[in-house]
Amino acid sequence: MIKEWVDRHIKGDPVIWFIVITLSVLSILVVYSATGTLAYTRMEGDTEHYLIKHSLLVLLSWGAMWLAHKIDYRYYSKLSRLALWLSVPLLFITWKFGMNINEASRWITVPFINQAFQPSDLAKFALIVTLASMLAKRQENIEDIKESLIPMLLWIGLICGLIAMTNLSSAALIFVTCMVIMFIGRVPVKYLALLVLIGVLAGATALAIGQRGGTAVSRIESFLSADDIPFQAEQSYIAIANGGLVRFAPGKSQQKNFLPHPYSDFIFAIIVEEYGMLGGALVLFLYLALLYRGMKIVSTSEKTYGGLLAAGLSFALVMQALVNMAVAVGLVPITGLTLPLVSMGGTSQLFVGVAIGIILSVSRGELEETGTTQSGNQVRNEKMELA
Amino acid sequence: MTNRLTILLRVRIAYVFVLLFSFGILYKIVRIQTVDGGKWKKKAEAIGLQYRNVKATRGNIYSDNESLLATSLPFYKLAIDPSIASDKVFKSGIDSLSRLLSRHFKDLSAQDYKRRINDARIEGRRYLRLNRQKINYLAKKEMNDWPIFREGRMKGGVLYEKVDERFHPFSYLGYRTIGTTDEENRGVVGLEYSFNQYLMGKSGKALYQKFSGGSWKPVFDGTEVKPQNGLDIVSTINVDLQDVAESALVKALYANDADYGCVVVMEVATGEIKAISNLSKNSRGEYWENYNYAVGSQGSREPGSTFKLASMIALFEESRISLLDTVDTGDGEMAFYDQVMKDHKPGGYGKLSVQEVFEKSSNIGTAKLIVDEFGDNPKRYTDLLEKMGLTKPLGFQMVGEGKPYIKTPEDSTWSGVSLPWISHGYELTMTPLHTLTLYNAVANNGKMIQPLIVKQVKTADRVVEEFKSKVINPKICSDITLVKVKEMLEGVVTRGTASNISDSYYQIAGKTGTAKHVVNGRYTSKYYTSFAGYFPAEKPKYSAIVVIDNPKSYRIYGSDVAAPVFKDIADKIYAIDMELNNPFEGKEVMAGIFPVIRAGHQEELKEICNEFGISNHIKGEATWTKASISNNAIAWKPLKYQDTVVPDVRGMTLRDALFILENKHIKVKYSGLGRVTDQSVLPGVRINDDLSIELKLG
C-alpha cells in the first residue's frame with residue numbers, strides 16, 4: 001500500500017530523499033536542544049515553542065520540496081527570470097527600509113502573513129536557476145564575450161551588488177557559487193579570472209557604501225590575528241573540544257547557552273558537541289553525498305540545462321553548508337550563513353526545500369523522458385538552432 | 001572533446017575542490033579536539049560566563065492629580081573596553097577624550113585619564129570603569145558625541161551600564177506611605193512594597209562575561225531579552241493636603257514633645273485617603289516617617305473616648321432613649337466590681353443628659369448607659385459592633401494592616417468589667433484608620449466604605465487596572481440614630497470637650513479621645529490622645545483623624561493636643577478647597593423683586609427693609625449679616641467673625657468691607673464700583689501679620 005503510494009507520488013532520486021529526511025530529523029533534534037536557552041529567556045520556559053515552530057517549518061519545506069519536484073523543471077527557467085526581476089526592487093527596499101535584526105537590515109515583512117523574509121534568499125535562488133538556463137542556451141558560442149558573458153555578468157553583478165549592501169558574506173558566497181556554475185558551464189577560465197577582478201571591485205564598492213563594511217573588515221582582521229579570537233569563535237571551539245571523538249549526548253550541550261545563534265549560525269558546533277566528531281563527519285558526509293548525487297544528474301541528464309540546473313543548485317546548497325561548518329571550526333572568518341536543511345531559519349528553509357525539489361525534478365524528468373525522448377530532443381535542437 | 005564531456009570533467013574538478021575543503025574542515029575539528037583541546041577546555045572553565053538579569057525600570061507613583069511622588073531616574077556607570085577601538089580611532093581621539101573626561105568629572109587630570117586608558121589598552125584589558133561617579137542621562141547624551149565614544153560600543157568600546165535610582169520629587173513628603181526600595185529595586189515598605197508586583201516590571205536577561213576585579217561586561221549576543229518596565233500607580237494622595245497635614249502634625253509633635261503622631265485625611269464620599277502622615281521621634285529627637293502607625297499593627301491601640309461613638313450608635317439602635325434622657329454620673333468615681341472608673345472632672349459631673357455624657361465625654365455616663373441597656377446580654381452589644389464593621393480588618397490595600405481586637409462574651413478573658421470598659425474604648429485595640437472609617441461612615445450617611453489609597457494602575461496613558469473602594473456596610477445604623485450622633489458630634493465642638501476649636505468659619509463635628517497607656521496590665525499616666533471627626537458638618541466633604549501619642553508637656557487631653565491639629569488641618573484644607581466655598585449666595589437675592597441688598601450691618605439693613613416694607617426676619621443676632629431668601633422674605637443670616645481668620649465681605653459695600661477688614665489690620669486694595677463680588681483671600685484663611693487682600697467691586 002505504502003509502497004504503491006510512494007511509487008506514484010514520490011519520484012526522483014531516492015538517495016536525495018533519504019539525505020534530506022535524515023538531515024531534517026537531525027535538524028529537529030539539534031534545534032530543539034539549541035533553542036532551550038532562547039525558550040527560557042524569551043518564551044518563559046516554553047521549550048516546545050521553537051520545537052513546534054521549527055518542526056512545522058520542516059514539514060512545510062518538505063511540502064514545498066514535494067510540490068517543486070512535481071513540476072517539470074523546464075518551467076523554472078521562465079519562473080526564475082520573473083523572480084529575478086522581482087527581487088531587484090525587493091533587495092533595494094530591504095537595503096533602504098528593511099527591518100533591522102542584529103544591526104543589519106536583511107529582512108522585510110511580508111504583508112498579510114506578517115512573516116519576516118529575506119529577499120536575498122529569493123534572489124540567490126532565482127539567479128542560479130537563471131544562470132543555468134543562460135549557460136545552457138549559450139553553449140555553442142560560449143566564448144563570445146558580448147553574446148554570452150556580458151548578459152550573465154550584468155545579472156550577477158547587479159544581484160550580488162545589491163545583496164552585498166546588507167549582507168557581504170552571502171553576496172560573496174553567491175558570487176563564488178556563480179563562478180563555479182560558470183566554470184562547469186564551460187566559460188573559459190581566462191574570463192573567470194576577469195570575473196574575479198570584477199567581484200573584488202564590487203566587493204570593495206559595497207564595503208565603501210553598504211552597511212556592513214566595518215563589520216566585515218573587523219571580522220577579517222580578527223580572523224587574521226591569531227591571539228585575538230572573537231567571542232563566538234572561542235565559544236564554538238570550546239563546544240567542538242567538548243564533543244570529543246565519539247559522543248551521543250542529545251540535548252546535553254553546554255555551549256548552547258553561551259554561543260550566539262546556536263540554532264543557526266553555529267549549529268555545527270552544537271552537533272559536534274552533542275554527537276562527537278563522528279557525528280560531525282557524518283553530517284559532512286551527507287552533504288558531500290548530496291553534492292555527488294546532484295553532480296551525477298549532470299552525467300545522466302539528457303539536456304545541458306537540466307544538468308547545469310541540478311549541479312548549480314547542489315553546489316549552492318552544499319557550498320553554503322561547508323562555509324557554515326568552516327566558520328564553526330575556524331577555517332574561515334565569521335559569517336552569518338546558516339546550515340541549509342539543519343538550521344532554524346524561517347522562510348529560508350522553504351527556499352531550500354524548493355531548491356531540493358527542483359534538483360529532484362531534474363532527476364525525475366530524465367525518467368519521464370525515456371518515453372518522450374524525441375519531443376524532448378526536438379525542443380533541445382530547436383533551442384540550439386536559435387542559440 | 002565534446003561539450004558534454006567538458007562539462008562532466010569540469011563538474012568533477014569542482015567536486016574535488018569541495019572535497020578538499022571538506023578535508024580542511026575535518027582537519028580543523030581534529031586539531032581543535034586534540035592539539036588545542038586542553039587549552040579550550042581550560043578556557044571554558046576560566047571564562048566566567050553568566051546570564052544576568054537586566055533590571056526593568058520601576059514604575060512611578062503618582063499623586064491624585066498625577067504629580068510624581070516617586071520615580072526612577074536612569075543613571076549610568078561609565079566604562080570602556082579599551083581594546084575595541086581601532087588604532088586610527090584611538091590615536092586621533094584619546095587626547096580630546098581624556099580632556100573631556102577630566103573636565104566632566106573634575107577629579108583626575110587629562111593626562112591621568114589618558115594614562116589609565118592607554119595602560120589598560122596595552123595590557124589588553126577588556127573592561128575599565130572610567131569613574132565611580134554615575135552620570136545622568138543628559139551627560140550620557142553629551143558623551144555620545146565625544147571622540148572614540150561616538151563610535152559606539154561595537155567600534156569605540158564605550159559601555160554605559162544603566163542603574164536606576166529612586167527619586168522623590170517632593171522629598172520626604174509622605175515618605176513612609178510612599179515607601180522605599182532596596183538595592184535590588186524591590187519595595188521594602190509602604191506603597192512601594194504593597195504594590196511591588198505592579199511597580200517592579202520584569203527583568204530582562206543578558207549574557208555577561210566576568211572580568212578581573214569582579215566587574216561584569218555584557219557580551220551583547222542575540223539572546224538578550226529586553227526587560228519589561230514596571231507599571232505606574234496613581235495614589236489618592238493629594239500633595240497639597242499631604243503638605244498641610246504633615247506640617248500641622250510636625251508642629252504639634254514638637255510642641256508636645258510626643259513619641260509619635262499620625263494624621264489621616266479621607267474624602268467622605270469616596271473613601272480616598274487624601275493625606276496620611278506618620279511621624280515618630282528618632283534618637284536625635286527629630287520626627288521622621290518611620291512606621292505607618294495609622295495602618296500598621298503597631299498602631300493598633302486602645303482608642304479611648306473616640307470609641308464612645310460606636311457605643312452610642314449601638315445604644316440608639318437598641319433603645320429609644322432620647323438625647324435629653326438623664327443619667328447620674330455621681331461624684332466622678334464609680335466601682336464596677338473590683339475596678340474603679342473615673343471621669344476627667346474632679347468631683348464628677350453629677351446628673352447629665354445623654355447628649356452631655358457624650359459631649360463632655362463622661363466615662364461613667366457612657367458605661368452606665370451601656371451596662372443598663374446591654375448588661376443582661378453583652379453579646380448583643382458586641383454583635384452590634386460586629387455589624388458596624390469594627391471587628392474585622394478593613395482589607396486595606398497596603399500590606400500589614402493592624403487587625404482590630406474586640407473581645408466577645410465567649411472569650412475566656414471576658415469579665416464583668418469588660419462591657420463598661422469596652423464601652424469607653426478600653427480592652428480593645430483598633431488602628432486609627434479603622435476608627436476614621438467609622439467616623440467617615442457617619443459623615444457619609446451611614447455608608448461605611450473601605451479606605452482607598454491607590455486608584456489606578458497605568459502604563460503610559462493606558463489604565464491597566466482600576467480600584468474602587470468597596471462598601472463594607474451600606475448602612476451601619478438607622479437614619480434616626482444618625483441624626484442623634486451627628487448632633488452630639490457637632491455638640492462636642494460647639495459646647496463639649498473640643499469647644500476650644502469651635503471658632504472656625506465652618507462647623508466641625510468630631511470626638512476627642514484620651515486613653516491611658518497600659519503597661520504590664522496597669523494604667524499609667526501616659527496618654528494616647530486623638531481627635532476624629534469630619535467637616536463641614538452640614539455637608540461633610542472630608543473626615544480626618546489625628547493621633548498624638550504620649551505628649552510630655554503639660555497638655556495631656558485629646559482636646560488640647562489632638563483637636564487643635566485637626567482644626568489647623570481643617571482650616572487650611574477649607575481655604576484650599578474651592579468646592580467647599582459656596583458661590584456667593586447674595587446673587588439669588590438680586591433676581592426678582594428684592595433690592596440689591598446682600599450683606600452688611602444688620603441693624604442698618606433691617607431698618608432699610610422695614611422702611612421699604614420688605615418682609616424680613618433675623619436668624620440669629622449678629623452685628624454683620626448676609627441676606628438669603630426664604631418664602632418671599634429676606635432672612636438675615638449672621639456672619640460670624642473671628643479674630644484670627646479672614647472674614648467674608650462679599651456682598652457688602654466698600655465702606656462696610658473696609659471697616660471690617662482694616663479693623664483686623666488687613667491691607668486692602670480694591671478695583672471697580674459697587675458691592676464686593678470677589679475677595680482675593682478666601683474666608684477662613686488664618687490672618688498673619690502682613691496679609692493684604694484685593695477686592696473686586698461690581
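Protein chains get the first letters and strands the later ones, always in sequence-line order, with residue 1 at the start of each. When reading the values below, keep in mind they use all heavy atoms of this one structure, side chains included, and skip hydrogens, waters and symmetry mates.
The shortest heavy-atom contact between A/Leu288 and B/Tyr15 is O-OH, 2.8 Å. Summarising the geometry of B/Ala14 relative to A/Phe183, their closest heavy-atom pair is N-CE2, 4.4 Å, with the distance given to 0.1 Å.
You'll find the side chain of B/Tyr27 stays beyond 4.5 Å of the side chain of A/Leu331, heavy atoms only. Between A/Phe315 and B/Val18 the shortest side-chain heavy-atom distance falls below 4.5 Å. Looking at heavy atoms from C-beta onward, A/Met319 lies out of side-chain contact with B/Phe21 at the 4.5 angstrom threshold. Using a 4.5 Å heavy-atom threshold, the side chains of A/Val189 and B/Arg10 count as touching. B/Arg4 is not listed as a side-chain neighbour of A/Thr304, based on a closest heavy-atom distance of 4.5 Å or more.
In this structure, chain B has heavy atoms under 4.5 Å from both the backbone and the side chain of A/Tyr292. For chain B, the nearby parts of A/Val298 are the backbone and the side chain; heavy atoms of each come within less than 4.5 Å. A/Ala311 touches chain B through its side chain: at least one heavy atom from C-beta onward sits under 4.5 Å away, while N, CA, C and O do not. No part of A/Phe285 comes within reach of chain B, as not one of its non-hydrogen atoms sits under 4.5 angstrom from that chain. Within the 4.5 angstrom heavy-atom criterion, no atom of A/Val327 approaches chain B. Proximity to chain B (any heavy atom under 4.5 Å) is restricted, for A/Leu284, to the side chain, taken from C-beta onward.
In this structure, B/Glu123 places its CD atom where more than 12 heavy-atom neighbours from other residues, nucleotides or ligands lie under 6.0 Å away. Residue-environment remark: NZ (A/Lys296) stays at or below the threshold of 12 foreign heavy atoms within 6.0 Å. Annotation: A/Tyr191, atom OH; neighbour count of heavy atoms from other residues, nucleotides and ligands within 6.0 Å is above 12.
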Exercise. Hey, mind stepping through A/Tyr237 and B/Asp36 against side-chain contact (heavy atoms from CB on, under 4.5 Å) and telling me if it holds?
Worked result: CA-CA 9 Å; A/Tyr237 300 160; B/Asp36 300 337; over 6 Å; no
For this session: Evaluate the side-chain contact (heavy atoms from CB on, under 4.5 Å) criterion for residues B/Lys28 and A/Ile240: first the C-alpha distance (whole Å), next the side-chain angles of each, then the deciding distance (0.1 Å), finally the verdict.
Result: CA-CA 10 Å; B/Lys28 273 295 264 188; A/Ile240 290 167; over 6 Å; no
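B/Ile7 CD1 to A/Leu135 CG: the interatomic distance, rounded to the nearest 0.5 Å, is 8.5 Å. Taking CG of A/Asn324 as the reference point, atom CD1 of B/Ile25 lies at 9.0 Å (rounded to 0.5 Å).
Heavy-atom pairs under 4.5 Å with chain B were tallied for A/Ala328, A/Gly244, A/Gly307, A/Ala281; the largest tally goes to A/Gly244. In terms of heavy-atom pairs under 4.5 Å with chain A, the best-connected choice from B/Arg31, B/Gln33, B/Arg12, B/Lys39 is B/Gln33.
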